[in-house]
There are 2 protein chains.
Amino acid sequence: MEINSAVVALAALAQETRLSVYRMLVEAGPDGLAAGRLADGLSVASASLSFHLKELLHAGLVRSRQDGRYVIYSANYEAMNALLGYLTENCCRGTTAACSPIACCGPAKP
Amino acid sequence: MEINSAVVALAALAQETRLSVYRMLVEAGPDGLAAGRLADGLSVASASLSFHLKELLHAGLVRSRQDGRYVIYSANYEAMNALLGYLTENCCRGTTAACSPIACCGPAKP
DNA sequence: TTTATATTTTGACTAATGTTGAAATATGGA
DNA sequence: TCCATATTTCAACATTAGTCAAAATATAAA
């Protein structure tokens, strides 16, 4: 990942409403949630939510699909993995000494 | 880590100059770098750099210490670990299925 | 003590961000 | 077709972020 994509992704998550939206979408899993559900759950105006969803889409952190008259949003795990990878490289200095897998991902569950 | 601390840390990193500063400090290791060195390396005005360093300090991502007439900044790995932990929890949904240690930290090197 | 270097602070300014209500668009159902 | 619901777009506005030059502060060296 390039520094510019990292900055875009970080900026997308650096806002309470958007970070909460992302969390809700991760919890919801691959099925995702309709925009209206997100607005209800976070008690944020639909126009405001739409603005934030566009930011998350632009950063590639979420995907959207039309389902009837609903628009369903879902988390894009690959983008988050790419961001974590970028940050980890910049935290670990090429080793896992400074940033152990435990510290950053919890113990592996094989 | 609470959502508010996460947002502050993400916002601190969501800016090209600041992310570059952080990268330089991680590369520099525990000895850190003087503010002037950072300014030179990134060709940014000292006033501007000072502004950004304050943001990183406020987010707890870097530390500073006075050394003669220099102020030495260094990366605070614990804060980055905490942020990675927060993001990983919100990416992995409690398992390592969606966000494997490999994807996020590289293979463990025991 | 005086001078030079390093860093931070301040104030002015421009650009970007986030919120709101109203209007526009799209789809489903009566 | 007409109406209701879901979502997005728009314009206005307030707030925040970032940059710059100049001044202030702190320390080292002459």
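Throughout, protein chains are lettered first and strands after them, A, B, ... in sequence-line order, and every chain is numbered starting at 1.
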Is the number of heavy atoms from other residues, nucleotides or ligands within 6.0 Å of CD (B:Glu2) greater than 12?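 No - once you tally the heavy atoms of other residues, nucleotides and ligands closer than 6.0 Å, there are 12 at most.
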
Nearest to side-chain heavy atoms of [X], which nucleotide of [options]:
X	options	answer
A:Ser50	C:dT8, C:dA6, D:dT9	D:dT9
A:Ala35	C:dT7, D:dT9, D:dT8	D:dT8
B:Gln15	D:dT19, C:dT8, C:dA4	D:dT19
B:Arg18	D:dG18, D:dT7, D:dT27	D:dG18
A:Gln66	C:dT27, D:dT7, C:dT20	C:dT27
B:Arg69	C:dT5, C:dT8, D:dT8	C:dT5
B:Ala47	C:dT9, D:dA6, C:dT8	C:dT9

Taking atom [atom2] of [N] as reference, at what distance in whole Å does atom [atom1] of [X] sit?
X	N	atom1	atom2	result
A:Leu57	D:dT8	CG	C1'	12 Å
B:Leu56	D:dG18	CG	P	11 Å
B:Phe51	C:dA12	CZ	C1'	14 Å
B:Glu55	C:dT9	CD	P	13 Å
B:Arg65	D:dA26	CZ	C1'	18 Å
B:Lys54	D:dT19	NZ	P	14 Å
A:Leu13	C:dG18	CG	P	12 Å
A:Leu33	D:dT7	CG	C1'	15 Å

Is the shortest side-chain heavy-atom distance between [X] and [Y] below 4.5 Å?
X	Y	value
B:Leu87	A:Leu87	yes
A:Met80	A:Leu84	yes
B:Met24	B:Leu42	yes

If only side-chain N and O atoms count, and only distance matters, is there a donor-acceptor pair under 3.5 Å linking B:Tyr86 with A:Arg23? yes

For B:Ala39, which contact category applies under a 4.0 Å heavy-atom criterion: base, sugar-phosphate, or nothing? nothing

Do the side-chain N or O atoms of [X] get closer than 4.0 angstrom to the phosphate oxygens (OP1, OP2) of [N]?
X	N	value
A:Ser48	C:dT19	yes
B:His52	D:dA17	no
B:Tyr73	C:dT8	yes

For DNA chain C, whose closest nucleotide is more 5', that of A:Thr17 or that of B:Tyr70?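 This one resolves to B:Tyr70.
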
